[in-house]
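So the structure is just underneath, and the comments pick up after that.
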Amino acid sequence: MKQTEEEFKLSEVIKLTGLSDQTIRRYQEDFNIQGIRTQGGHRRFKREEIDMLLEAKRLKEEHGYSIKQIRSHFNGETTSEMLEKNEPMKTVFEKKIVNLEEQLAEATEKIDSMVQVLTTFMKQSGQTNQTILSQFQDVLKALPETSTTTNNQRILEKEQRLNELKIRNKLKKEAIEEWGMLPEEERTTTVKTGLFSFKREENHNKKRAFIEDYISEHLVDRLEREYDMKQNQ
């Protein structure tokens, strides 16, 4: 059982994540998951560390991420290979990129228009007009620079990862609530505790599969809805 509200035994973490002791040790080392050591040398884990283990497992199993790519994910980085393997993130991220491209195209169109106006005026008058030049310079300033665009893309990548993690956590809570509403016979399994004694306990594997299925079913829709809401703000 839980030792405190925030700390879990290794045996509990193994049940909650479905990972072996060896894999948990490797993930701790690969992804800098510290854990806690008791005075007796036993490992304990906080809820956020369990979430990291589950996230690493999900990225590996669902998207085929390598250790390096999972580490990049936790460090707030995204590569083209990671996006190709993560369809929900790719779908929403592509929408944001399209928006940036549309803004860039609109700014470029304004510049082309100003260039035409400026060229025509100069041909007709043989001299420049300070007002037109000033307007032209303002439009140029409004055009995103390459470095700014790159920074915007990085911000979008980090924002998307944070949004996905937040939505996953919300969906996980919803799934746990839905799981708790199922009949007891669907949530539990019979376990032998003695030669002639048995008891019912929660089926952790079935619960984990239920939660993962619930998240997979609702994730893309939630990501798109949140993106649309932000666009309308």
Side-chain angles (χ1 to χ4, degrees), residues 1-78 82 85-86 89 158 160-182 184-216 219:
M1 297 297 291
K2 238 192 280 189
Q3 302 306 300
T4 71
E5 286 189 359
E6 295 186 345
E7 295 179 13
F8 296 78
K9 290 181 179 179
L10 176 61
S11 58
E12 293 174 317
V13 177
I14 290 173
K15 279 187 176 181
L16 289 168
T17 62
L19 297 171
S20 67
D21 182 8
Q22 183 179 4
T23 301
I24 291 172
R25 287 179 185 276
R26 188 172 72 248
Y27 281 5
Q28 281 189 268
E29 182 178 347
D30 289 337
F31 311 128
N32 194 29
I33 301 174
Q34 298 295 326
I36 302 167
R37 286 281 182 180
T38 66
Q39 290 184 348
H42 300 293
R43 281 180 289 168
R44 297 289 185 267
F45 295 83
K46 294 182 179 179
R47 169 58 66 181
E48 54 265 32
E49 293 167 334
I50 295 175
D51 288 340
M52 286 185 70
L53 290 170
L54 287 169
E55 181 71 357
K57 178 185 178 184
R58 181 188 68 80
L59 291 171
K60 186 175 187 299
E61 292 181 352
E62 292 184 14
H63 304 298
Y65 277 21
S66 65
I67 294 298
K68 182 179 179 181
Q69 289 170 334
I70 296 173
R71 190 181 296 119
S72 295
H73 174 85
F74 285 136
N75 289 337
E77 303 167 0
T78 300
M82 290 165 67
K85 292 179 178 180
N86 192 333
M89 182 185 291
K158 291 183 178 180
Q160 176 56 32
R161 281 190 297 277
L162 286 173
N163 283 341
E164 184 180 352
L165 285 173
K166 288 178 181 177
I167 291 173
R168 280 186 176 278
N169 284 332
K170 288 180 182 178
L171 289 173
K172 183 178 179 180
K173 290 179 181 178
E174 291 177 14
I176 291 173
E177 289 179 3
E178 292 283 338
W179 171 260
M181 296 171 64
L182 293 176
E184 183 179 353
E185 58 269 22
E186 292 187 30
R187 294 183 287 108
T188 60
T189 183
T190 302
V191 177
K192 188 174 182 180
T193 57
L195 187 59
F196 300 106
S197 58
F198 299 86
K199 71 173 183 178
R200 302 285 297 182
E201 70 173 29
E202 190 168 54
N203 189 325
H204 293 289
N205 289 333
K206 189 174 181 181
K207 180 180 180 180
R208 183 168 57 252
F210 179 89
I211 293 172
E212 290 174 355
D213 289 344
Y214 185 93
I215 292 174
S216 296
L219 180 60

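Along the sequence shown, the residues carry numbers beginning at 1.
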Next on the checklist: Would you compute the distance between atom NZ of Lys170 and atom NZ of Lys173 and round it to the nearest 0.5 angstrom?
Outcome noted: 9.0 Å
Checklist entry - With a 4.5 Å heavy-atom cut-off, do His42 and Leu10 have their side chains touching? => result no
Item to check | Non-hydrogen atoms of Arg44 and Thr38 that approach each other most closely | outcome: CG-CG2, 3.7 Å
Checklist entry - Relative to the ring of Phe210, is the ring of Tyr214 parallel (under 30°), tilted (30 to 60°) or perpendicular (over 60°)? => result parallel
Checklist outcome for this item: Nearest heavy-atom approach of Thr17 to Val13 is OG1-O, 2.7 Å
Checklist entry - If we only count heavy atoms from C-beta on, is the Gln28 to Phe45 side-chain gap below 4.5 Å? => result yes
Checklist entry - Does Glu49 reach the main-chain N or O of Gly35 with its side chain, forming a donor-acceptor pair under 3.5 Å? => result yes
Next on the checklist: If I take atom CG from residue Leu16 and atom NZ from residue Lys9, how far apart are they, to the nearest 0.5 angstrom?
Outcome noted: 13.0 Å
Item to check | Nearest-0.5 Å distance that lies between atom CD1 in Ile176 and atom CD in Glu174 | outcome: 10.5 Å
Next on the checklist: Contact between Arg43 and Asp21 at the side-chain level, heavy atoms closer than 4.5 Å - yes or no?
Outcome noted: yes
Checklist outcome for this item: Here the pair of heavy atoms bringing Phe31 nearest to Arg71 is CE2-N, 3.9 Å
Checklist entry - For Lys15, does the NZ atom have more than 12 heavy-atom neighbours from other residues, nucleotides or ligands under 6.0 Å away? => result no
Checklist entry - Looking at side-chain heavy atoms only, is the closest gap between Lys60 and Ile70 below 4.5 Å? => result yes
Checklist entry - Which atom names give the shortest non-hydrogen contact between Leu182 and Arg187, and what distance separates them? => result O-NE, 2.9 Å
Checklist entry - Distance from Glu62 atom CD to Arg58 atom CZ, nearest 0.5 Å? => result 5.5 Å
Item to check | Spacing of Glu55 atom CD and His73 atom NE2 [to the nearest 0.5 Å] | outcome: 4.0 Å
Item to check | Neighbour count above 12 (heavy atom, 6.0 Å) for Glu29 CD | outcome: no
Checklist outcome for this item: From the list Arg200, Glu185, Lys199, side-chain contact (heavy atoms from CB on, under 4.5 Å) with Thr190 holds only for Arg200
Next on the checklist: So for atom CD, which belongs to Gln22, do other residues, nucleotides or ligands contribute more than 12 heavy atoms lying within a distance under 6.0 Å?
Outcome noted: no
Checklist entry - Are side-chain heavy atoms of Lys206 and Thr189 found at a separation under 4.5 Å? => result no
Checklist entry - What heavy-atom pair brings Lys57 and Leu19 nearest, and what distance separates the two atoms? => result CD-CD2, 3.8 Å
Checklist entry - About how many Å separate CD of Glu212 and CG of Leu171, when rounded to the nearest 0.5 Å? => result 13.0 Å
